[in-house]
Amino acid sequence: MKAEWNLKLLYASPKDPRIEKDVRKTELAYKAFAKKYRDTETYLKNEQALLRALQEYEALNDQTVPGSRAIDYFSFRHELNSFDTEAEAKVAQLSDRLTKAGNEIVFFTLKLGTIEKKQQGRFLKSRRLAPYRYFLKRIFLESRHQLTEKEEKILNLKSLPARALWIGGREKAENKRTVLFEGKDIPIAEALNLVQTLPVKRRRMLHKAAMGTLQEIGDFAESEINAVFTDKKINDELRGFKHPYSATILGYENDEKGIVNLAQTVTHDFKTSADFYALKKKILKLPHLEYADRSVGIGKVKQTFTFKESYQILREIFHSLGGEYSSILEHFVKEGQIDAFPKKGKSGGAYCANSYGLPTFVLLNHVNSFNSLMTFAHEMGHAIHTELSKSQRSLYQHYTMSVAETASTFFETAAFNTIFEKLSDAEKTIALHDRIQDDISTIYRQIAFFNFELELHLKIRKEGSVPKEKIAEMLNEHMKAYIGKSMKFMPEDGYFFVTVSHFRRPFYVYSYTYGQLISKALYEKFRADPSYMEKIKEFLRAGGSKSPEDIFGDIGINTKSPALFKEGLASVKKDIARLKKLTS
Ligand SMILES: [Zn+2]
């Protein structure tokens, strides 16, 4: 059993001579494709020519795997150790080379976007082109926001210094910091995780110390966030996106009206999350809550879950859902595709990294808590979704974010409910609280984040830039909006903005809410009829072959109806009422 990433799955060492060869291979593949298609336009008019061009374009995916392997290798090394400046430099250097190489073929999809409307309609109806229909549909839709080839190239090239390097710089500054607490230096990511495990006085002290540490890099984070948001503003203006969230929603293949409705539906229901925090204050017998208490449990679940135990638990649960799910988990642990524990210099949080044609890697910061176990289940949900989507043709293996969070939260819920049934009554109360808290974070908190991002984007657009004190204040206001009056906020709490990586991925947060509410619907159907798991497998195998609306529509879930989201919210309210009863 391996609990660390085995990057040898990619290369033997940073000096591996295969690395340069791989990058070269990818550069040449792009060049060859560009040479073949740059000066011809037959494929824009002729069905057979278009079919051939699309087939070759798709085959290019395989030829660019070597280049992605090289980038992945160094960026993973850097993820594990932010002090590895050599890896960091390599990522920048290789990204630059491969972006340039990729730029050589930008013309292809741009040109497809210029096909005139009537011809688009004919191609979309063509039976021969049917396997590429959804791909073409997306291109035609996105082409409305595309610029000329030259302009696209410039935007592509500037995204590294205007965005990625800023974010990287802030992460570096952050990961180097430790929090001095009770005479010990604790890496910041670990400290933030530790807060919720401590008794009230100590957790508030540690929280204050951690916020102080974040505040120390506030100046840099202020510049970073203003730069990144301004960069987005420039892009949006050039591309003609109306609202700050428009590009993300189009990119995630969702319907804008539906997502704005989702955000409003949840915002109008912030009373539910406020009710929960009022109840939590009462259960904890505190005169008021502070930000440090936000995700604390209401009692000690005696059980701790080491990484190994968590693995065994999840393996069993996944197996009950289907043998392929547990096999994937076993394979990941055997091969070293999961990096389990926090370390100084290692990135915080948890994620699943997948690149086409390469092994999928899961990063965790497991601290033996129930939450750690849930996070493990969540990230494995992503991994399973990735592995099953490999059954799609190469062009459709990549799934959109909003579908991604449905898969991850489904496995998380399945894990939760199985473990829940095995708990004592007292522990059930504690775990029910934890589940509601998690729902509140995934549904209401992410929409509060969405609202915060929207306000900040609009403010930077209007005023040019926003100072850190104001950003912190705004974040506090939005947190107040969903948490309610039972929590007392301190000015330093708002400096949480320094570390929330989601804000650097504009409006990404809505995908959590969307995913959680849909996965609730999936889970209810599965609970009512276990054979529905076959339908869920259809969704897990669908990759990005259809729009989210169609993927779910095909298995009986209507995402266009506001009723679906309201049902999900109603189930949270029901859980809160149950917790109220259990604790009164
Ligand atoms: Zn996720």
Side-chain angles (χ1 to χ4, degrees), residues 76 79 189 192-193 248-249 251-254 259 262 266 295 310 314 317-318 321 325 328-329 332 337-340 347-355 360-367 369-389 397-417 434-435 437-450 453 499-523 536 539-540 542-544 548 551-552 559 568:
F76 290 154
E79 285 292 285
L192 291 169
N193 260 323
T248 306
I249 296 175
Y252 290 175
E253 303 172 31
N254 279 125
I259 298 306
L262 167 71
V266 175
S295 51
S310 302
L314 292 184
I317 294 170
F318 289 179
L321 297 171
Y325 309 124
I328 290 168
L329 177 61
F332 270 54
Q337 289 169 255
I338 300 176
D339 202 88
S347 271
Y351 60 78
C352 169
N354 50 329
S355 297
T360 302
F361 286 92
V362 167
L363 180 136
L364 303 173
N365 276 284
H366 197 94
V367 289
S369 66
F370 185 67
N371 269 352
S372 296
L373 169 56
M374 287 299 114
T375 304
F376 188 6
H378 180 103
E379 298 309 332
M380 281 315 298
H382 285 308
I384 286 167
H385 190 193
T386 301
E387 297 306 305
L388 292 193
S389 290
Q397 287 189 19
H398 179 76
Y399 46 75
T400 113
M401 274 321 302
S402 47
V403 184
E405 288 309 318
T406 309
S408 56
T409 48
F410 176 81
F411 282 92
E412 195 183 331
T413 308
F416 178 90
N417 285 337
D434 288 351
R435 172 169 66 173
Q437 181 156 274
D438 188 57
D439 277 346
I440 299 276
S441 294
T442 314
I443 298 167
Y444 299 91
R445 179 175 173 78
Q446 302 307 321
I447 292 301
F449 278 171
F450 184 97
E453 280 186 45
T499 189
V500 180
S501 61
H502 293 166
F503 301 155
R504 281 79 179 168
R505 257 173 112 174
F507 302 98
Y508 160 68
V509 290
Y510 88 76
S511 62
Y512 282 107
T513 313
Y514 182 89
Q516 180 83 332
L517 289 173
I518 293 175
S519 98
K520 277 186 177 296
L522 291 183
Y523 196 80
I536 292 172
F539 140 59
L540 293 169
I551 289 174
F552 296 123
T559 58

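Small disclaimer: the values here were computed from a predicted structure and weren't measured. All ligand and atom numbering here is 1-based and tracks the order in the structure.
Ring-centre distance between His382 and Tyr351: not below the 6.0 Å cut-off. When ring centroids are compared, Tyr252 and Phe507 stay outside the 6.0 Å threshold.
No side-chain donor from either of Ser511 and Ser402 sits under 3.5 Å from a side-chain acceptor of the other.
For the Zn ion (ligand 1), the neighbouring protein N/O/S atoms at less than 2.8 Å, given as residue and atom, are His378 NE2, His382 NE2, Glu405 OE1, Glu405 OE2.
Ring geometry, Tyr510 versus Phe450: the interplanar angle exceeds 60°, so the pair is classed perpendicular (tilted spans 30 to 60°). Ring planes of Phe552 and Phe539: tilted class, angle from 30 to 60°.
Sequence neighbours left out, the pairs with a member in residues 506-522 that pass salt bridge (Lys or Arg N to Asp or Glu O under 4.0 Å) are Asp439-Lys520.
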